[in-house]
Amino acid sequence: QVQLVESGGGLVQAGDSLRLSCAASGRVLSSGAMGWFRQAPGKEREIVAAIKWTGGSTYYADSVRGRFTIYRDNTKNTVYLQMNSLKPEDTAVYYCASRTYASRVPPVYRLEYEYDYWGQGTQVTVSS
């Protein structure tokens, strides 16, 4: 079992920055990967970014590439999502997810079912 706890959400203005954190505990394997997803009201949950614990290879959705950065601290089993130049369309509940084994480089795991564990989500609201 893996437990995931997100933090760092909030209300910001367009153009601002925000950093989300996801602390993982339990059976966290270095062979795995972590992903950030988001779900806006009335929309399906979508991948934002993913990263492998070993090597740090990353994947980004086109909508956030160049604005968001995913990185991890293996010593703390924590993954971060640095979000810059935020837009109102970035407003959503952001979830982190854990995949136990991740062989793809980069970690192109875009679908919900490709992840084994989920956090409870944190709200990000960007006002215009």
Check: Is any side-chain N of the basic residue among Asp90 and Lys87 closer than 4.0 Å to the acidic one's carboxylate O?
Finding: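 Salt bridge: no.
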
Check: Do the charged groups of Glu114 and Arg99 touch, with an N to O distance under 4.0 Å?
Finding: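 No.
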
Is a donor on one side and an acceptor on the other found under 3.5 Å between the side chain of [X] and the backbone of [Y]?
X	Y	value
Arg38	Ala92	no
Thr91	Val126	yes
Asp16	Leu86	no

Next item on the list: Using the ring of Trp118 (Phe, Tyr or Trp, six-membered ring only), decide whether Arg45 places NZ or CZ under 6.0 Å from its centre and within 45 degrees of its axis.
Entry: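 Positive - Arg45 is close enough to the ring of Trp118 and near enough to its axis.
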
Checklist line | Residue pair Thr69 / Leu81, side-chain heavy-atom distance below 4.5 Å | finding: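 No, side chains not in contact.
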
Next item on the list: Would you check if Tyr109 and Arg104 make a side-chain contact, meaning some heavy-atom pair closer than 4.5 Å?
Entry: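 Side chain of Tyr109 against side chain of Arg104, heavy atoms only: contact under 4.5 Å found.
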
Item checked: Distance-only donor-acceptor check, side chains Asn84 and Ser17, under 3.5 Å ->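 Checked: Asn84/Ser17 side chains pair up, N/O donor to acceptor below 3.5 Å.
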
Note to self: Suppose we screen for side chain to side chain donor-acceptor pair (under 3.5 Å). Which residues come up paired with Gln13, at least two apart in sequence or across chains?
What the structure shows: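 Side chain to side chain donor-acceptor pair (under 3.5 Å) check on Gln13 returns nothing, list empty.
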
Margin query: Is it the case that the ring center of Phe37 lies less than 6.0 angstrom away from the ring center of Tyr95?
Written below: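 Judged by ring-centre distance (under 6.0 Å), Tyr95 and Phe37 do not meet the cut-off.
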
Margin query: If the test is side chain to side chain contact (heavy atoms under 4.5 Å, CB included), which one of Leu4, Ile47, Thr100 qualifies with Tyr115?
Written below: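 For Tyr115, the side chain to side chain contact (heavy atoms under 4.5 Å, CB included) test succeeds with only one of Leu4, Ile47, Thr100, which is Ile47.
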
